[in-house]
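Below is one structure; the comments refer to it alone.
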Amino acid sequence: MSFPDQLTNDLKSALTSVGITELPTAPTVTVSQDTRFGDYQSNIAMVLAKVEKKNPRELAQQIADHFPEDSISAKPEIAGPGFINFRIKPEVFAAHIENVARDPESRCGHTPVAEAKTIVLDFSAPNVAKPMHVGHIRSTIIGDTLARIARFSGHHVITDNHIGDWGTQFGMIIHGWKTILNTSELENDPITELLRVYKTINDQCKADESVRNLCKAELVALQAGDEENLQIWQRCVELSIAGLKGIYEKLDIHFDHWLGESAFNGRLAPLVTRLIDEKIAEESDGAICVFFPDIKALKDRPCLIRKADGGFLYATTDLATIDFRVQEWQADEIWYVVGAPQQLHFQQIFEVAKQMGHKVALNHIAHGSILGDDHKLMRTRSGENVQLTDVLDEAVSRSRAAIEAKNPGLSDDEKDDISEIVGIGSVKFAELSQHRMTDYVFSWERMLALTGDTAPYLQYSAVRIQSIFRKLEKPQEEIDTLLTTSPVTLSENAELELARQISRFPEIIPTVLDGFRPNLLCTYLLDLARAFHSFFEACPVLKAEDKSTINSRLVLAHATVRTLTTGLSLLGMKVPEKM
RNA sequence: GCGCCCUUAGCUCAACUGGAUAGAGCAUCACACUUCUAAUGUGAGGGUUACAGGUUCGAGUCCUGUAGGGCGCGCCA
């Protein structure tokens with residue numbers, strides 16, 4: 001259990017001793033911003049004082065006087081208008097560090113949730129036959145991280161890449177395939193050739209209505225089951241998926257399922273029939289719509305589920321997909337990591353799902369947009385977007401250059417591995433370290449920075465620790481014994497601050513899932529790494545005065561690297577041995 | 001027109017959901033490598049949290065209004 005959870009329990013029992021059993025809100029314990037105010041603090045006395053019309057400081061004092069002696073905190077102190085400040089006993093910190101260093105499962109003090117849920121995570125979902133551009137990076141990386149963290153927390157997570165493999169774009173692609181396809185280029189570099197075909201026909205469509213009609217006809221034929229068109233479609237999907245998998249491989253992101261839109265084609269017509277039968281949907285101007293007269297925000301915004309021409313829409317597929325995920329996977333929750341512009345769409349389909357009787361908890365985890373130089377949204381259609389694969393390649397080559405400059409003595413293989421780990425890590429961390437709702441203008445500089453609050457800063461602290469253990473020059477078994485038997489004592493400020501940060505890991509993980517906020521984990525890891533770098537400068541490990549200090553600091557360093565590595569792995573990032 | 005989201009240091013961003021003196025990085029300046037890896041550390045300067053009210057012991061955070069920006073609103077996904 002995390003320290004604030006333990007303190008909250010102690011606080012509750014103190015409140016009971018004082019005679020307060022009915023609380024307006026659950027008492028909360030938060031970290032102190034400044035260690036002058038202890039390690040953690042609670043404002044419960046001020047909250048209660050307001051309700052009970054009592055003096056907050058007196059109430060705080062009463063609570064402090066009844067605080068359990070065996071708590072992880074020393075006797076609480078009262079400060080300011082009525083804060084209750086807790087200072088964790090140094091031996092509690094020390095014991096925690098020992099546990100983190102020795103835990104065979106390397107959970108860094110975190111305990112899995114009591115109630116595991118089945119969570120389906122829908123993210124990335126690129127369109128087929130168009131390469132991923134930088135705009136896709138957010139959903140992909142945020143979704144993967146949330147999947148990792150939910151899994152680490154003990155949930156049953158199912159990731160599904162709901163690719164756009166069935167839509168109007170295929171009208172254009174099939175028409176292009178039949179008219180302007182360069183087959184040797186297609187073999188050479190399928191993704192680029194498919195993009196060229198798509199872009200060319202797209203431009204033609206804009207200028208020429210007859211082309212538009214030809215595309216429409218191809219689409220209708222495809223949807224009607226035309227043999228030739230189906231084969232072309234199939235081939236496109238295969239080629240695209242192969243290309244996508246290359247990128248996901250580089251990113252170290254993997255999906256349990258790839259159930260694209262086409263997988264639900266058979267469910268669309270019955271679904272619409274059902275919605276009509278249950279009086280949820282009705283006909284309007286030839287289309288089938290769901291209206292929401294009772295919901296203020298959706299009053300004039302019906303959800304279309306069937307076009308007047310009989311075709312189905314985005315919302316139809318998404319609703320059919322919910323059915324599937326609930327029936328086949330027993331989903332308790334479905335999380336959609338999709339950009340904020342689609343908020344209305346999700347409000348609508350969530351409401352329809354509710355009316356259909358679904359109990360599943362549906363969450364749209366919205367994120368901001370990546371903007372172009374003109375501060376406008378990057379559009380796939382403009383075609384001039386920076387491709388994701390170029391960003392990754394550039395990231396790797398920039399970190400390669402940094403390694404050449406900083407550590408030229410390494411072998412070429414080592415340099416390759418490290419530049420991959422650092423480069424990809426940099427892109428991921430740049431994305432994850434900011435609030436997901438923030439819009440930002442794409443810049444190479446920003447996404448690929450290698451100094452300051454970045455991936456290499458975190459990776460470098462792990463590398464420094466590993467270097468200490470290498471310098472020990474002892475066999476692994478001896479090191480393991482040392483780590484499992486040496487007691488930890490924390491006397492220097494830098495040691496205490498480092499231990500304090502390590503101890504915070506268990507309390508961070510739930511807050512990340514609470515608000516779907518990976519940036520909180522990033523901030524935490526930066527704090528942890530900063531505490532380590534300070535410790536590293538202030539406290540020699542191998543050259544400490546005496547044997548017990550050396551061993552104590554080795555355990556502390558090991559607990560640090562474990563927590564760092566675990567935290568980074570939850571962000572989908574790796575740590576090199578050297579850099 | 002209606003709805004949702006933004007506006008915090010010169011720049012890029014945080015702020016654990018109402019807490020104490022609003023924090024980091026970049027950039028600037030000054031120090032620290034014969035030392036466990038300087039992709040680092042120590043310190044300095046930098047703020048009317050867009051603006052105006054309100055709620056209360058206490059507001060960047062909540063409510064109202066104003067200005068500026070983005071996005072979305074029936075047959076695309």
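All values below were derived from every heavy atom in this structure, side-chain atoms included, with hydrogens, water molecules and symmetry-related copies excluded. Order of the sequence lines fixes the chain letters, A, B, ..., with proteins taken first and strands second; residue numbering starts at 1 for each chain.
- Side-chain atoms of A:Asn85 come within donor-acceptor range of the base of B:A20, with a qualifying N/O pair under 3.5 Å.
- Counting only N and O atoms by type, the side chains of A:Ser124 and A:Thr140 include a donor and acceptor under 3.5 Å apart.
- Figure legend. B:A30 is base-paired to B:U42; pairs are counted as Watson-Crick or G-U wobble with both atom distances under 3.5 Å.
- Using a 4.0 Å cut-off, some side-chain N or O of A:Thr438 falls inside it from OP1 or OP2 of B:A14.
- The distance between the ring centers of A:Tyr336 and A:Phe346 falls below 6.0 angstrom.
- Atom C1' of nucleotide B:G18 and atom CD1 of A:Ile44 are separated by 13 Å, given to the nearest angstrom.
- Checking the phosphate oxygens (OP1, OP2) of B:A39, a side-chain nitrogen or oxygen of A:Tyr460 falls inside 4.0 Å.
- Rounded to an integer number of Å, the gap from CG of A:Leu298 to C1' of B:G74 is 14 Å.
- Regarding A:His435, its NE2 atom lies at a distance of 11 Å from the C1' atom of B:U17, rounded to whole Å.
- Remark: aromatic rings of A:Tyr314 and A:His345 are close, center separation under 6.0 Å.
- The interatomic distance linking A:Glu495 (CD) with B:C36 (P) rounds to 19 Å, in whole Å.
- For B:U42, the OP1/OP2 oxygens have a side-chain nitrogen or oxygen of A:Ser534 closer than 4.0 Å.
- A donor-acceptor contact under 3.5 Å links the side chain of A:Gln41 to the base of B:A20.
- Between A:Thr523 and A:Asp309, the residue anchored closer to the 5' end of RNA chain B is A:Thr523, taking for each the nucleotide with the nearest heavy atom.
- Distances shorter than 4.0 Å separate none of the side-chain N or O atoms of A:Tyr457 from OP1 or OP2 on B:A38.
- A:Gln501 is listed as a side-chain neighbour of A:Arg504, based on a closest heavy-atom distance under 4.5 Å.
- In this structure, A:Lys296 reaches neither bases nor backbone, as no heavy-atom distance under 4.0 Å exists between it and the strands shown.
- Checked against a 6.0 Å centroid threshold, the rings of A:Phe264 and A:His162 count as neighbours.
- A:Cys522 comes within 4.0 angstrom of nothing in the nucleic acid, heavy atoms only.
- Between the side chain of A:Lys299 and the base of B:G3, no donor-acceptor pair under 3.5 Å is found.
- Annotated as anti: B:U64, whose glycosidic dihedral deviates from 0 by more than 90°.
- A:Asn519 comes within 4.0 angstrom of the backbone, heavy atoms only, and of no base.
- Across the C1' atoms, B:G23 and B:A9 are found 11 Å apart, a figure rounded to whole Å.
- B:U8 makes up no base pair with any nucleotide shown, lacking Watson-Crick or G-U wobble contacts both under 3.5 Å.
- Taking for each of A:Ser433 and A:His345 the nucleotide of RNA chain B with the nearest heavy atom, the 5'-most of the two is the partner of A:Ser433.
- Across the C1' atoms, B:C5 and B:G45 are found 35 Å apart, a figure rounded to whole Å.
- Partner assigned to B:C2 is B:G72, using Watson-Crick or G-U wobble distances below 3.5 angstrom.
- Atom C1' of B:U55 sits at a distance of 42 Å from the matching atom of B:G74, rounded to the whole Å.
- One can place CZ of A:Phe429 at 13 Å from P of B:G25, the figure rounded to the nearest angstrom.
- Side chains of A:Arg436 and A:Asn519 form no contact here, defined as non-hydrogen atoms less than 4.5 Å apart.
- Side-chain to base pairing of A:Arg301 with B:C2: one donor and one acceptor N or O lie within less than 3.5 Å of each other.
- Taking syn as a glycosidic angle within 90° of 0, B:C33 qualifies as syn.
- Listed for the A:Asp39 side chain is a donor-acceptor partner under 3.5 Å among the backbone atoms of A:Ile88.
- Straight-line distance between the P atoms of B:G3 and B:U8: roughly 25 Å, to the nearest whole Å.
- Minimum atom distance to the side chain of A:Phe536 is reached by B:C36, of the listed B:C36, B:C26, B:C73.
- With centres under 5.5 Å and a plane angle under 30°, the ring of A:Phe83 is stacked against the base of B:A20.
- Taking atom C1' on both nucleotides, B:A14 is separated from B:C51 by 23 Å, rounded to a whole Å.
- Partner assigned to B:C57 is B:G19, using Watson-Crick or G-U wobble distances below 3.5 angstrom.
- Panel note: side chain A:Ser552, backbone A:Ser548; no donor-acceptor pair is recorded below 3.5 Å.
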Please report the C-alpha distance between A:Arg500 and A:Glu497 in whole Å, then the side-chain angles of each, then the deciding distance to 0.1 Å, and finally whether the salt bridge (charged side-chain N to carboxylate O under 4.0 Å, His left out) criterion is met. CA-CA 5 Å; A:Arg500 192 169 176 259; A:Glu497 179 54 25; 3.6 Å; yes

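- Residue A:Lys307 places at least one side-chain N or O under 4.0 Å from the OP1 or OP2 atom of B:C76.
- The phosphate of B:G74 (OP1 or OP2) has no side-chain N or O of A:Arg306 nearer than 4.0 angstrom.
- Between B:A44 and B:U7, the distance separating the two P atoms is 29 Å to the nearest Å.
- At the heavy-atom level, A:Ala79 lies under 4.0 Å from base atoms of the strands shown.
- Residue A:Arg530 places no side-chain N or O under 4.0 Å from the OP1 or OP2 atom of B:G41.
- Summarising the geometry, the separation between CG on A:Leu304 and C1' on B:G74 is reported as 4 Å, rounded to the nearest angstrom.
- A:Asn43 contributes a side-chain N or O that forms a donor-acceptor pair with the base of B:G19 under 3.5 Å.
- Figure legend. B:A52 is base-paired to B:U64; pairs are counted as Watson-Crick or G-U wobble with both atom distances under 3.5 Å.
- Rounded to whole Å, the distance from CD on A:Gln342 to P on B:C4 is 19 Å.
- For the P atom pair drawn from B:U21 and B:C36, the interatomic distance equals 44 Å after rounding to whole Å.
- For the pair A:Ile550 CD1 and B:C36 P, the interatomic distance rounds to 14 Å; values are reported in whole Å.
- The side chain of A:Gln33 contributes an N or O atom lying less than 4.0 Å from OP1 or OP2 of B:A20.
- Relative to the side chain of A:Lys543, the nucleotides B:U35, B:G72, B:A39 differ in distance, and B:U35 lies closest.
- Distance check on atom P: B:U56 versus B:C73 gives 41 Å, rounded to whole Å.
- Stacking between A:Phe37 and the base of B:A20 is present: ring centres sit under 5.5 Å apart and the planes differ by under 30 degrees.
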